[in-house]
There are 2 protein chains.
Amino acid sequence: MTNTPNRSVERAFRIVDELSENGGGRASELAARLEMPVSTVHDYLQALVETGYVTAENKEYRTSTRFLEVGHRQRHRLEVVKAVRDELATVADETGEHVTLLIEEHDQAVILAVQEGPDAINLFAYPGARMPLHATAPGKAMLAHMTDGRVAELVDQGLVEVTSRTVTDPDVLLEQLETVRQRGYAVDEGERIAGMVCIAAPVLDKREQIQGAICVCGPESRLGETRREEIADVVQRAANVTQVNLDYV
Amino acid sequence: MTNTPNRSVERAFRIVDELSENGGGRASELAARLEMPVSTVHDYLQALVETGYVTAENKEYRTSTRFLEVGHRQRHRLEVVKAVRDELATVADETGEHVTLLIEEHDQAVILAVQEGPDAINLFAYPGARMPLHATAPGKAMLAHMTDGRVAELVDQGLVEVTSRTVTDPDVLLEQLETVRQRGYAVDEGERIAGMVCIAAPVLDKREQIQGAICVCGPESRLGETRREEIADVVQRAANVTQVNLDYV
DNA sequence: AAATAGTTTCCGGCACAACCGAAACACTTC
DNA sequence: GAAGTGTTTCGGTTGTGCCGGAAACTATTT
C-alpha cells in the first residue's frame, strides 16, 4: 500500500508544510527541523522558488501567494460555494453569530467560507482551516450522512480528544449521529472550543450525498435551549435553500 | 543558472498548475495535456494525494483545500495586510467602488484583499489573482518606487500588451513612473481591462521600501477628471494611514 | 453474456537525476 | 584578520524516478 509514492514530491511538500507552519524560514533552520542535510533542503528550496510556489527574499523563504490563487480558484469551482451564495450572510444577520460553510475532505472538516454576524465572537476561522469531524457540529452533521462503513473506518482511526467535552466513545458518537438524522441538525457543546456551542445542518444533493454543512457558533452563555432551537431553524432553512440551488444549477 | 532544479518538484507543480487551471481532471487527460506518459502522471497524482494537496474522488483529481490553508496563513502573516486593517473598507465606503490591496511578487502584482463598495463593478478579482506590473495602476505605483536597475530588468523582459491601451513603450513607462513619484499616485486608463480606470497609491515603509499598493477601480464613464482627483486623495490618505500602522507595529 | 474499447493500476529493470559530503564562498562578530 | 555561522556550489555514487508493457478494472455495445 504505502509503496514509494515519489520521495521528491513528498519531501517538497514537507518543506512547504514547514514553511507554512512557521511562516517562512531559512535553509538551515528547515534542515534542522526536518532532519535533512542543508544542501538537500537548499536544492529543494531552489526548485520550489523556480516553480513560483515559494519566494525567497534575501535568504528568507516563504510560501508564495500562488497557494492563495490555486486555493481560491478551486473554491470558486466547488458547487456548494456557488449554491450557498448569500445564504451565509442571511444566517449571519438573523442570528448575529459566527457562520461558516464547511465541506469534508481527507477525513476532516474544512472551512470554505466565513461570515461574521454583528455579535460574532472572533474565532480562528479562515478558509482552509481544518478540524476533526467527530469533534464539531458540522463534522457530525456530515458524518450522519455517510455510509456506515465510512464512519466505522473513521472511528477505527481513533477519536482524538480536542477538549474535555469531545466525544471519544464510539457508541456515544453513533447514537448522536442517529439523533442528527432524526432532528436534521447537529450540536456541539464545547467539544472543539471550550465555551463555544455550534449548531450545524447538513447540505445534501438530490442523491442524498453529503456536500457540506452550514454552521453557527456562539458562546454558551448566549445560547440557551430556546435560542438554540431558533438557530437550528434558521440553519436548516439555509441548508435547504442551498440544496435547492445545488440541484437547480 | 537554470541547472537542473529538481525535475520531480517541477513536474509535480506542473501537474498542480494544470489541475488548477482546468479545475481538476483525470490521469489520462492530464497526461495528454502535459505530454507525459500516463503511468508517470499516475505516479505523481498518487504521490500528491498522499501529501494531501490533491484529492481524488472516484478517479477525478482536483487541488485540495490545503492550498487555501497555506495561502491564508501566509496572507495573515504579511504585515501589510495587518496594517491595512479597515482602511480598505473605509475607501470602499467613501468611493463606492472596487478596492483592492496588492503586493509585488515574482515580478507581478498580486491581489491580497478585495473590498467592494456599494456601486462596485464586478471584476474577476480574488485574493491571489496576478497581473503584470506595467499594465496596472497599482503595478505602476509599485514600480515607481523600485530601483532603476530593477525596473530596467523588468522592461527588458518585455512589456506585454494586455489591451490596446497598455503602455508597451519603455520610454513612456519611465516617464509615467516619474509622474507617479511627483503626484504620489498612479492611474491606468483601460490598460488592463478595457473601459476600467484604476487609481492606486503606493504603500511604503519607513525605509521607503515598497510594501504594496491600494487600488480603486471603476468604469471610465463614472470617473471624470474631478472624481479621479477625489479618489486619488482618498486612496493616498489610506496608503498613508497604512504606512503609519506599518511603522508603528 | 460476451466482446470491445478505454481507463486506471501494477510491475520491474535501466538510466539518470536526486542526494549529500565536502569544499568554497559570503556574511557577521569579536 | 581570524574565527564563527550560514549559504551555495560541485560532483561521484546510489537509489529511485521513469515509463513500456501487461494486467485489472469500468463502461459501453452487440
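Here the structure is a predicted model, which is why all the values come from computation and not from measurement.
Applying a 4.0 Å cut-off to non-hydrogen atoms, the residues of residues 16-43 of chain A that approach DNA chain C are A:Pro37, A:Ser39, A:Thr40, A:Asp43, listed by residue number.
Here C:dA18 presents its C1' atom at 15 Å from CG of A:Leu45, a figure rounded to the nearest Å. As rounded to whole Å, 14 Å separates atom C1' of C:dA18 from atom CD of A:Glu10. C:dT7 atom P lies 15 Å from atom CG of B:Asn58, rounded to whole Å. Going from atom CZ of B:Arg7 over to atom P of C:dC16 covers 10 Å, rounded to whole Å. Per the geometry, OH belonging to B:Tyr44 stands 11 Å off C1' belonging to D:dT16, to the nearest Å.
If you find the closest nucleotide of DNA chain D to A:Ser8 and to A:Lys59, the one lying nearer the 5' end belongs to A:Lys59. Toward the 5' end of DNA chain C, the nearer of the two residues B:Gln46 and A:Arg11, judged by each one's closest nucleotide, is B:Gln46. Looking at which nucleotide of DNA chain D each of A:Tyr61 and A:Val9 is closest to, the 5′-most match is held by A:Tyr61.
Residue-environment remark: CD (A:Glu60) exceeds the threshold of 12 foreign heavy atoms within 6.0 Å.
Under the 4.5 Å side-chain criterion, counting only non-hydrogen atoms from C-beta, B:His76 is not in contact with B:Val81. Between A:Leu48 and A:Tyr61, the closest side-chain pair of non-hydrogen atoms is not below 4.5 Å. In this structure the side chain of B:Glu18 never reaches within 4.5 angstrom of the side chain of B:Arg14, judged on heavy atoms. In this structure the side chain of A:His134 never reaches within 4.5 angstrom of the side chain of A:Leu154, judged on heavy atoms.
With sequence neighbours left out, the side-chain contact (heavy atoms from CB on, under 4.5 Å) criterion links B:Leu204 to B:His145, B:Ile210, B:Gln243.
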